[in-house]
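The shown structure was predicted, so the numbers you read here are calculated from the model rather than taken from an experiment.
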Amino acid sequence: MTVILTPPDPELRLLVSLASWTWPGTGPDGNEVAHILITHTPALATPDTVETRMRRLSDSLGSLAGPREVVPEIDRCLQIVGDQVLVHIPGASRRLRLPTRRAWTELVAHNGDAVLLLGLDPLPQSADAARLDAYLDTALAAERLLFGRARTR
């Protein structure tokens with residue numbers, strides 16, 4: 001008898017190589033919106049590998065959209081547990097814990113959703129606000145961000 005073990009999709013290796021940031025912002029309608037950026041860390045991965053892994057992550061979440069496309073809703077993607085917010089990724093045995101502050105968590109709980117941005121290029125978790133802003137500007141201009149509306153319900 002032969003047993004073939006296949007890693008879950010997305011693989012655990014990917015989950016531990018992700019970096020994430022959260023912040024409140026203003027939506028086009030003037031209302032306050034929670035944002036989440038998830039990227040791959042640059043360690044031990046080529047740019048092509050990073051993009052492949054992030055696109056696979058996008059597919060597992062339900063195929064996120066480019067900046068000029070209709071943004072899909074991802075139902076029950078976010079889970080609030082106490083003061084923590086977790087991202088549920090279908091096929092993964094674990095959830096991704098987001099860095100949060102109380103006001104941001106309350107905003108997600110109140111709105112029931114957050115704008116999810118998935119970066120196709122690597123960015124280290126140690127990136128400060130200025131580097132994060134530069135990354136977002138560059139990635140948006142180059143259409144290297146994928147978007148979704150992550151919901152709690």
Do [X] and [Y] belong to the same hydrophobic cluster, where Ile, Leu, Val, Met, Phe, Trp and Tyr are linked whenever their side-chain heavy atoms lie under 4.5 Å apart, directly or via other members?
X: L98; Y: L61; value: yes
X: F147; Y: I74; value: no
X: V87; Y: L64; value: yes
X: L107; Y: I80; value: no
X: W23; Y: L96; value: no

Can you sort out the partners of [X] under side chain to side chain contact (heavy atoms under 4.5 Å, CB included), two or more places apart, ordered by chain and number?
X: S63; result: D59
X: V81; result: Q79, L86
X: R131; result: L123, P124, A127, D128
X: D133; result: none

Qualifying residues under side-chain hydrogen bond (donor to acceptor under 3.5 Å, both in side chains), relative to [X], sequence neighbours excluded:
X: R76; result: none
X: D29; result: N31
X: T49; result: T46

Between the side chain of T39 and the main-chain N/O of P122, is any donor-acceptor distance below 3.5 Å?
-> no
Measure from the side-chain N and O atoms of T52 to the backbone N and O of D48, and report whether any donor-acceptor pair falls under 3.5 Å.
-> yes
For the student: nearest non-hydrogen atoms of W21 and P99, plus distance = CA-CG, 4.0 Å
Could you walk me through whether I36 and V108 pass side-chain contact (heavy atoms from CB on, under 4.5 Å), step by step?
-> CA-CA 11 Å; I36 302 165; V108 171; over 6 Å; no
Step by step, work out the side-chain contact (heavy atoms from CB on, under 4.5 Å) result for T22 and T105.
-> CA-CA 10 Å; T22 59; T105 302; over 6 Å; no
Could you name each residue pair satisfying salt bridge (Lys or Arg N to Asp or Glu O under 4.0 Å) that touches residues 96-109, not counting sequence neighbours?
-> R102-E106
Atom pairs and distances, side-chain donor-acceptor, residues 109-121, under 3.5 Å, sequence neighbours left out:
unit_1 : atom_1 : unit_2 : atom_2 : d
N111   : ND2    : E32    : O      : 3.0
D113   : OD2    : R149   : NE     : 2.4
D113   : OD2    : R149   : NH2    : 2.7
D121   : OD1    : R144   : NE     : 3.3
D121   : OD1    : R144   : NH2    : 2.9
D121   : OD2    : R144   : NE     : 3.2

How long is the span from the OG atom in S17 to the CD atom in Q125, to the nearest 0.5 Å?
-> 11.5 Å
